[in-house]
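Data block below; observations after.
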Amino acid sequence: MSNKTKKIASVVEVLEDIICDMCGLSCIVHEYDNGIRDIESAHFYANWGYGSRDDGENWAVDLCIDCAYKVKNFIENNGGKVIVSEGGL
């Protein structure tokens, strides 16, 4: 039996870190000896639709866990509600 093989080179992008858009610090909470990192961050997105004040704009913000809690507390302290669940929304 004869097998043909072919070598294929590929490039894989690996997320190394997320920088908090509020405080500018790293979102890495732990780095293991093998180089694997635990990154904890919150991502907020806004897609403003047709006719809105910011028509067609898209906003994205990445926050570290400390800044995410500051935003959460701000919302709750001003009468808003943040939905908290385990296992996804």
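- Legend: residues meeting side chain to side chain contact (heavy atoms under 4.5 Å, CB included) with His43, ordered by chain and number and at least two apart, are Ile18, Ser41, Tyr45, Asp62.
- A continuous path of hydrophobic side-chain contacts links Ile75 to Leu63 [ILVMFWY only; heavy atoms under 4.5 Å].
- Going from atom SG of Cys27 over to atom CG of Asp66 covers 9.5 Å, rounded to the nearest 0.5 Å.
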Next item on the list: Any chance you could lay out the side-chain contact (heavy atoms from CB on, under 4.5 Å) test for Asp55 and Tyr50, step after step, and finish with the verdict?
Entry: CA-CA 5 Å; Asp55 185 357; Tyr50 180 74; 3.8 Å; yes

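- Glu76 pairs by the side chain to side chain contact (heavy atoms under 4.5 Å, CB included) definition with Lys72, Asn73, Val82, not counting sequence neighbours.
- In this structure, CD on Glu57 lies 8.0 Å from OG on Ser52, to the nearest 0.5 angstrom.
- Both Phe44 and Met22 are assigned to one and the same hydrophobic cluster, defined by single-linkage of ILVMFWY side chains at heavy-atom distances under 4.5 Å.
- With rounding to the nearest 0.5 angstrom, the CD1 atom of Ile39 is 9.0 Å from the CD atom of Glu31.
- Applying the 6.0 Å contact sphere to CG of Asn34 captures more than 12 heavy atoms from other residues, nucleotides or ligands.
- A side-chain donor-acceptor contact under 3.5 Å links Arg37 to the backbone of Glu16.
- For residues 64-87, no pair satisfies ring pair (Phe, Tyr, Trp, His ring centres under 6.0 Å), with sequence neighbours left out.
- Side-chain contact check for Trp59 versus Asn47: every heavy-atom pair is 4.5 Å or farther apart.
- Note that CG of Asp21 and SG of Cys64 are 10.0 Å apart. Values are rounded to the nearest 0.5 Å.
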